[in-house]
Amino acid sequence: MNLSLNTGAGNLVHIYVGSSVFASLHDFLEPFIHAKEKIFILVDENTSDFCLPVLLSQTGDLRNAEVMRTNAGEKNKSLETAGWIWNSLAERGATRHSLLINLGGGVITDLGGFVASIYKRGIPFVHIPTTLLAMTDASVGGKTGINLGKIKNQLGTFHNPEAIFIHTGFLETLDMETILDGLAEVLKMALVADKDLWDELSLLTFTGLTGIPFRDETWVKLVNRCISLKCGIVEKDFRDTGTREILNFGHTVGHAFESLSMQNGMNSMSHGRAVALGMICESQLSFMKTGLKASERDFIVRMILSVYRHYKLEENDLSFLTECMDQDKKQSVQGTRFPLLESPGKAVAGVICNSSEVLESIDFYRNLQP
Ligand SMILES: NC(=O)c1ccc[n+]([C@@H]2O[C@H](COP(=O)([O-])OP(=O)(O)OC[C@H]3O[C@@H](n4cnc5c(N)ncnc54)[C@H](O)[C@@H]3O)[C@@H](O)[C@H]2O)c1
């Protein structure tokens with residue numbers, strides 16, 4: 001399946017999903033090989049072990065490519081790692097026409113995209129995403145970035161890859177928690193933009209979905225559908241100044257949950273679970289502010305809690321959560337800006353909620369039976 005993201009001024013990104021993806025990659029690489037341009041592949045320690053052998057065995061063109069391997073994990077989406085890659089590219093003679101292939105999850109696509117967009121004022125790069133989150137969300141839309149200290153995505157650019165190649169078979173070696181992280185973004189995408197997809201996911205159920213082999217057409221179609229939705233949203237607002245904000249549904253409260261669980265130590269919450277639980281609170285806000293029906297809210301809650309475990313909040317956690325949200329970049333004098341749902345599949349950006357409304361939504365969550 002082929003899709004494209006058109007962000008204007010002739011900037012068209014081709015996106016290939018499914019069984020013929022390696023043939024499309026071969027065609028894409030041909031001019032680079034012909035011109036004897038250097039090709040670099042950025043991997044982390046896991047994608048080096050699990051995905052690189054598959055890529056090399058499927059694409060003979062990459063036998064002379066140079067591999068750059070970083071450690072895995074969010075803490076490596078850093079200035080230090082970016083600096084190491086820039087030095088490495090320079091030492092190995094990368095020119096303005098060299099190609100960087102980012103093979104990995106959202107950390108590698110964000111980091112590699114950022115590095116490539118800066119090196120020699122921008123060299124060509126492609127993404128080959130290997131997690132569900134990177135396939136359906138992070139690799140598409142042109143946002144690159146690294147963290148600065150503890151602040152996420154503080155440095156970044158809007159810069160599209162030349163193309164994106166998606167092989168759902170890469171999902172086979174992921175653990176269930178990482179699949180669930182991606183699934184939270186899929187649920188979000190359905191809730192903000194596609195009622196039919198939401199209905200289909202509710203019918204299929206999580207157990208039904210994860211029982212289907214990752215190479216199956218069901219996954220190819222699901223990934224394809226999420227990408228089409230994301231492209232539709234990004235094309236209207238590439239630089240994220242308005243409607244693109246709906247993609248943050250669940251994330252404001254979700255980030256606060258994530259920070260709380262980190263502070264409480266022990267079993268910190270995965271990003272996907274935090275966003276999913278954040279969507280429960282933000283569905284309650286949608287009920288209060290933008291007309292989501294109680295029955296629709298309750299169905300969303302049931303669906304989320306059938307997949308993601310409830311996280312018990314103590315009375316004294318509430319002030320920490322509100323402090324986190326006060327520091328959020330979406331904060332204004334009147335309150336915090338939220339993207340909220342009018343109904344499943346239809347979202348509206350920039351709804352201001354004051355702190356007592358936000359607390360009420362967290363109370364709603366606290367009173368749910370785990
Ligand atoms: N640019 C955007 O629009 C955008 C959108 C959403 C999220 N993001 C970013 O994405 C990042 C999170 O991405 P993620 O969830 O993919 O995390 P990740 O890249 O850290 O990958 C999760 C883990 O899975 C491993 N892994 C990756 N592919 C594998 C495979 N096929 N088999 C086995 N292990 C594999 C990785 O090594 C890592 O340990 C965050 O930094 C977030 O800010 C960016």
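The analysis underlying the following values was restricted to heavy atoms, covering all of them including side chains, and did not include hydrogens, waters or symmetry mates. Remember, it's 1-based here, ligands and their atoms both numbered in the order they're listed.
Contact check on Glu45 versus Arg69 returns no salt bridge, with no Lys/Arg side-chain nitrogen under 4.0 Å from an Asp/Glu carboxylate oxygen. Using a 4.0 Å cut-off between charged side-chain N and carboxylate O, Lys230 and Asp137 make a salt bridge. A salt bridge links Arg225 with Asp194: the closest approach of a Lys/Arg side-chain nitrogen to an acidic carboxylate oxygen falls below 4.0 angstrom.
Where the criterion is an N or O separation shorter than 3.5 Å, residue side chain and backbone included, Val107 meets it with respect to ligand 1. For Thr178, no nitrogen or oxygen atom sits less than 3.5 Å from a nitrogen or oxygen atom of ligand 1, counting backbone and side chain alike. Considering both main-chain and side-chain atoms, Lys77 comes within under 3.5 Å of ligand 1 through a nitrogen or oxygen pair. For a threshold of 3.5 Å applied to N or O pairs, the pair formed by Thr131 and ligand 1 contains at least one separation below that value. Some N or O of Glu74 is nearer than 3.5 Å to an N or O of ligand 1, by distance alone. An N or O contact shorter than 3.5 Å links Phe170 to ligand 1 by distance. Residue Thr130 has at least one nitrogen or oxygen atom sitting less than 3.5 Å from a nitrogen or oxygen atom of ligand 1, judged on distance alone.
Heavy atoms of Thr47 found under 4.0 angstrom from ligand 1 belong exclusively to the side chain. No part of Thr144 comes within 4.0 Å of ligand 1, judged by heavy-atom distances.
Counting only N and O atoms by type, the side chains of Asp298 and Ser295 include no donor and acceptor under 3.5 Å apart. If you check the side chains of Asn76 and Ser78, you find no donor sitting under 3.5 Å from an acceptor.
Near Asp110, the atoms of ligand 1 lying under 4.0 angstrom from a non-hydrogen atom of the residue are 1 (N), 2 (C), 8 (N), 9 (C), 43 (O), 44 (C). Close approach to Asp44 involves these atoms of ligand 1, each under 4.0 Å from a residue heavy atom: 36 (C), 37 (O). When each atom of ligand 1 is checked for a heavy atom of Thr173 under 4.0 Å away, the hits are 30 (C), 31 (N), 32 (N), 33 (C). Distances below 4.0 Å separate heavy atoms of Cys51 from the following atoms of ligand 1: 30 (C), 31 (N). Within ligand 1, the atoms closer than 4.0 Å to a non-hydrogen atom of Lys230 are 3 (O), numbered from 1 in the order shown. Shown in contact with Lys152 at under 4.0 Å from a heavy atom are these atoms of ligand 1, numbered in order with element: 40 (C), 41 (O), 42 (C), 43 (O). For ligand 1 and Gly105, the ligand atoms under 4.0 Å from any heavy atom of the residue are 16 (O), 19 (O).
The nearest protein atom to atom 6 (C) of ligand 1, hydrogens excluded, is given as Asp137 OD2, 3.7 Å; this is a heavy-atom distance. Shortest contact from atom 7 (C) of ligand 1 to any protein heavy atom: Leu133 CD2, 3.5 Å.
Considering only non-hydrogen atoms, atom 8 (N) of ligand 1 lies nearest to Ala138 out of Ser270, Gly104, Ala138. Compare Gly73, Gly106, Ala72, Gly113 by their heavy atoms: the one nearest to atom 14 (P) of ligand 1 is in Gly106. Counting only non-hydrogen atoms, the option in Asn46, Leu174, Leu247 that gets closest to atom 39 (O) of ligand 1 is Asn46.
A centroid separation of less than 6.0 Å is found between the aromatic rings of Phe28 and Phe165. Taking the six-membered ring for Trp, Trp86 and Tyr119 have ring centres at least 6.0 Å apart. Centroid-to-centroid, the aromatic rings of His127 and Phe125 come within less than 6.0 Å.
The two residues Leu340 and Ser286 have their closest heavy-atom pair at CB-OG, 3.5 Å.
Both the sub-6.0 Å distance and the 45° axial angle are not jointly satisfied by Arg273 relative to the ring of Tyr308.
Using cut-offs of 30° and 60° for the angle between ring planes, the Phe170 and His167 rings count as perpendicular.
Applying side chain to side chain contact (heavy atoms under 4.5 Å, CB included) to Lys77 and the options Asn147, Thr70, Leu155 leaves one that passes, Asn147.
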Exercise for review: Report the C-alpha distance between Asp175 and Thr178 in whole Å, list the side-chain angles of each, state the deciding distance to 0.1 Å, and finish with yes or no for side-chain hydrogen bond (donor to acceptor under 3.5 Å, both in side chains).
Suggested key: CA-CA 6 Å; Asp175 58 38; Thr178 314; 2.6 Å; yes

